[in-house]
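In each ligand, atom 1 is the first atom listed, and ligand 1 is the first ligand listed.
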Amino acid sequence: MNENNVALITGGTRGIGKAIAQRFAREGYNLVINYVSDKTDLKKVEEEIKQGKDIKITFIKTDVTNMQDCESMVKKAIEVNGKIDVLVNNAGITKDNLLMRMSEEDFDRVIEVNLKGTFNVTKNVIPYMMKQRKGRIVNISSVVGVSGNAGQCNYSASKAGIIGFTKSIAKELASRNILSNAIAPGFIETDMTSVLTDAVKENINIQIPLKKMGTAEEVANAVYFLGGEENTYITGQVLNVDGGMLM
Ligand code: NDP
């Protein structure tokens with residue numbers, strides 16, 4: 001039974017983050033779920049995540065770009081649960097444009113949320129994991145962090161940065177039994193990709209050996225594989241969840 005385990009998931013009220021929360025809930029984890037939007041219907045999201053499971057969920061509204069707020073969020077998570085076994089850095093945004101047209105503001109914001117946000121939350125969580133001599137960190141990167149993508153130089157740079165960050169801390173923290181891995185999703189059906197036209201989606205599907213976009217649940221299964229109790233010997237890796245798009 002994992003009922004005493006605790007997972008902190010950033011951006012966990014919708015999309016891939018919510019599916020990750022549902023996956024850990026299914027395994028009996030207590031959850032700390034971060035979000036940022038005022039429009040979030042927490043009651044509804046709580047029911048969707050719990051799906052009848054008797055677990056504790058604590059929602060904490062924090063912009064991951066703010067270091068002090070991240071510190072308060074982690075403190076609150078510890079006050080409520082006494083520990084954090086798993087951290088999933090999932091919060092992320094896109095602000096796509098060709099480099100020629102990309103504003104400095106849009107470049108900075110994507111780096112701040114995706115990469116600096118991952119640093120901010122992880123930095124505050126690891127002292128507790130180090131004391132516990134146990135922890136799992138799963139960072140959500142992207143296949144474009146490996147391959148690059150026209151129109152996404154800010155996003156690709158942030159996701160490539162996450163891979164470097166993940167591997168570096170895997171080396172730093174292995175002696176404390178803290179395992180750090182990244183997931184690189186391909187095209188997954190969520191709000192983030194709902195802006196793509198059917199024609200674009202069809203063109204994407206042609207390039208995917210499995211001939212379809214992935215689901216948030218398929219990503220969540222991979223996150224649980226690396227972040228769950230049974231992973232005791234995989235660290236510093238990037239696992240593509242992309243239907244074979246990038247081999
Ligand atoms: P969504 O746009 O559906 O959700 C993004 C999540 O990030 C939301 O929960 C949002 O919170 C949260 N978030 C955004 N900004 C902040 C912030 N400043 N502070 C805290 N939380 C924030 O995206 P997806 O579910 O599709 O993506 C999840 C992750 O997966 C991202 O890191 C994304 O880059 C990555 N990914 C997605 C792919 C895809 O095809 N969908 C492909 C590859 C990677 P709120 O709801 O409160 O706004």
Side-chain angles (χ1 to χ4, degrees), residues 8-23 31-42 44-45 48-49 59-70 72-74 87-96 106 108-122 124 138-149 151-152 154-163 165-166 182-196 200-201 204-205 207-208 212-220 222-223 238-243 245-246:
L8 166 56
I9 301 159
T10 67
T13 54
R14 63 191 167 98
I16 292 171
K18 187 169 86 177
I20 295 167
Q22 286 170 324
R23 187 67 180 82
L31 302 173
V32 178
I33 297 184
N34 154 263
Y35 66 104
V36 74
S37 167
D38 287 323
K39 291 185 212 137
T40 313
D41 181 348
L42 293 179
K44 183 165 168 275
V45 173
E48 286 169 353
I49 292 174
F59 289 99
I60 306 180
K61 182 172 178 262
T62 303
D63 185 332
V64 294
T65 62
N66 187 308
M67 182 54 128
Q68 274 182 337
D69 290 353
C70 287
S72 309
M73 171 173 74
V74 172
L87 166 63
V88 183
N89 285 302
N90 164 78
I93 58 166
T94 52
K95 285 188 185 290
D96 297 349
D106 283 356
D108 286 348
R109 184 66 189 164
V110 168
I111 298 287
E112 268 171 33
V113 174
N114 299 2
L115 182 56
K116 179 75 179 350
T118 297
F119 167 79
N120 288 347
V121 181
T122 309
N124 283 294
V138 184
N139 297 321
I140 308 301
S141 177
S142 165
V143 287
V144 305
V146 179
S147 65
N149 196 23
Q152 290 198 304
N154 51 356
Y155 183 76
S156 303
S158 74
K159 295 299 186 180
I162 285 176
I163 292 173
F165 178 80
T166 303
I183 298 282
F187 285 95
I188 309 299
E189 287 186 64
T190 66
D191 293 346
M192 192 175 266
T193 47
S194 64
V195 290
L196 303 174
V200 170
K201 283 185 187 171
I204 288 168
N205 288 345
Q207 299 162 44
I208 302 173
K212 57 180 180 186
M213 289 174 72
T215 64
E217 290 71 28
E218 285 166 329
V219 177
V223 173
V238 183
L239 179 57
N240 296 354
V241 182
D242 64 353
M245 199 167 76
L246 194 76

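Per-residue contacts place Tyr35 under 4.0 angstrom from the following atoms of ligand 1 (heavy atoms of the residue considered): 47 (O). Less than 4.0 angstrom separates some heavy atom of Asn34 from each of these atoms of ligand 1: 20 (C), 21 (N). For ligand 1, the atoms sitting less than 4.0 Å from at least one non-hydrogen atom of Ser142 are 43 (C), 44 (C), numbered in the order shown with element in parentheses. Short contacts between ligand 1 and Asp191, defined as distances under 4.0 Å to a heavy atom of the residue, involve ligand atoms 3 (O). Atoms of ligand 1 found under 4.0 Å from any heavy atom of Thr193, numbered from 1 in the order shown, are 39 (C), 40 (O), 41 (N). Numbered from 1 in the order shown, with element, the atoms of ligand 1 that lie under 4.0 Å from a heavy atom of Thr13 read 46 (O).
Between Thr65 and ligand 1, no N or O atom pair is found at a separation short of 3.5 Å. The shortest N or O to N or O distance between Phe187 and ligand 1 is not below 3.5 Å. The shortest N/O to N/O separation between Asn114 and ligand 1 does not fall below 3.5 Å. Some N or O of Ile16 is nearer than 3.5 Å to an N or O of ligand 1, by distance alone. For a threshold of 3.5 Å applied to N or O pairs, the pair formed by Pro185 and ligand 1 contains no separation below that value. Taking distance alone, with nitrogen or oxygen atoms compared against 3.5 Å, Gly15 stays at or beyond that limit from ligand 1.
Among Asp69, Asp38, Val64, the residue whose heavy atom sits closest to atom 19 (N) of ligand 1 is Val64. Looking at Ile140, Thr190, Asp242, it is Ile140 that brings a heavy atom closest to atom 35 (C) of ligand 1.
Of the inter-residue distances, the one linking Ile9 atom CD1 with Ile16 atom CD1 reads 12.5 Å to the nearest 0.5 angstrom. A distance of 12.5 Å separates CG of Leu115 from OG1 of Thr65, quoted to the nearest 0.5 Å. Taking CD1 from Ile163 and CG from Asn139, the interatomic distance works out to 10.0 Å, rounded to the nearest 0.5 Å.
With a 4.0 Å cut-off on non-hydrogen atoms, Asn90 touches ligand 1 through its backbone as well as its side chain. Contacts with ligand 1 closer than 4.0 Å are made by side-chain heavy atoms of Ile93 only, the backbone lying farther away. Neither the backbone nor the side chain of Ala216 has a heavy atom within less than 4.0 Å of ligand 1. Here Glu112 has no heavy atoms under 4.0 Å from ligand 1, in either its backbone or its side chain. Counting heavy atoms closer than 4.0 Å to ligand 1, residue Thr62 contributes backbone atoms (N, CA, C, O) but none from C-beta onward. Neither the backbone nor the side chain of Met213 comes within 4.0 Å of ligand 1, counting heavy atoms alone.
Considering every non-hydrogen atom in both Asn90 and Thr10, the closest pair reads N-OG1, 2.8 Å. Of all non-hydrogen atoms in Ile140 and Ile162, the two that sit nearest each other are O-CD1, 3.8 Å. Across all non-hydrogen atoms, the minimal contact from Asp242 to Val143 is OD2-CG1, 3.5 Å. For Met73 against Ile60, the heavy-atom pair with the smallest separation is O-CD1, 3.6 Å. The shortest heavy-atom contact between Gly92 and Val113 is CA-CG1, 4.2 Å. The shortest heavy-atom contact between Pro185 and Ile183 is CD-O, 3.3 Å.
In this structure, Val110 and Gln152 have side chains that are not in contact, with every pair of non-hydrogen atoms separated by 4.5 Å or more. Put simply, the side chain of Val238 does not reach to within 4.5 Å of the side chain of Thr166, judged on heavy atoms. Proximity of Tyr35 to Val45: side-chain heavy atoms (C-beta onward) are nowhere separated by under 4.5 Å.
Protein heavy atom at the shortest distance from atom 5 (C) of ligand 1 is Gly92 O, 3.6 Å. In terms of protein heavy-atom proximity, atom 42 (C) of ligand 1 is closest to Gly186 O, 2.9 Å. With respect to atom 34 (O) of ligand 1, the closest heavy atom belonging to the protein is Tyr155 OH, 2.5 Å. Ala91 CB, 3.9 Å is the protein heavy atom nearest to atom 13 (N) of ligand 1. Protein heavy atom in closest approach to atom 12 (C) of ligand 1: Gly11 CA, 3.7 Å. Ranking protein heavy atoms by distance to atom 3 (O) of ligand 1, first place goes to Arg14 NH1, 3.5 Å. Scanning all protein heavy atoms for the shortest distance to atom 16 (C) of ligand 1 gives Val36 CG1, 3.8 Å. Looking at atom 40 (O) of ligand 1, its nearest protein heavy atom turns out to be Ile188 N, 2.8 Å.
The closest approach between Thr10 and ligand 1 stays at or above 4.0 Å for every heavy atom of the residue. Residue contacts with ligand 1: Arg109 is included, with a non-hydrogen atom under 4.0 Å away. Gly117 does not count as a contact of ligand 1, since none of its heavy atoms falls under 4.0 Å from the ligand. Residue-ligand proximity: Lys159 is placed with a non-hydrogen atom under 4.0 Å from ligand 1.
Side-chain atoms of Asn120 and Lys116 form a donor-acceptor pair, as typed in the model, at a separation below 3.5 Å.
When Ile49, Leu8, Thr40 are each tested for a side chain to side chain contact (heavy atoms under 4.5 Å, CB included) with Ile33, only one passes: Ile49. Among the candidates Asn114, Thr118, Thr122, the single residue satisfying the side chain to side chain donor-acceptor pair (under 3.5 Å) test with Asn89 is Thr122. Residue Lys61 is tested with Thr13, Asp69, Asn34, Asp38 for a side chain to side chain donor-acceptor pair (under 3.5 Å); the sole match is Asp38.
Contact check on Lys18 versus Asp41 returns no salt bridge, with no Lys/Arg side-chain nitrogen under 4.0 Å from an Asp/Glu carboxylate oxygen.
Heavy-atom contacts from other residues, nucleotides or ligands closer than 6.0 Å to NZ of Lys95 number 12 or fewer.
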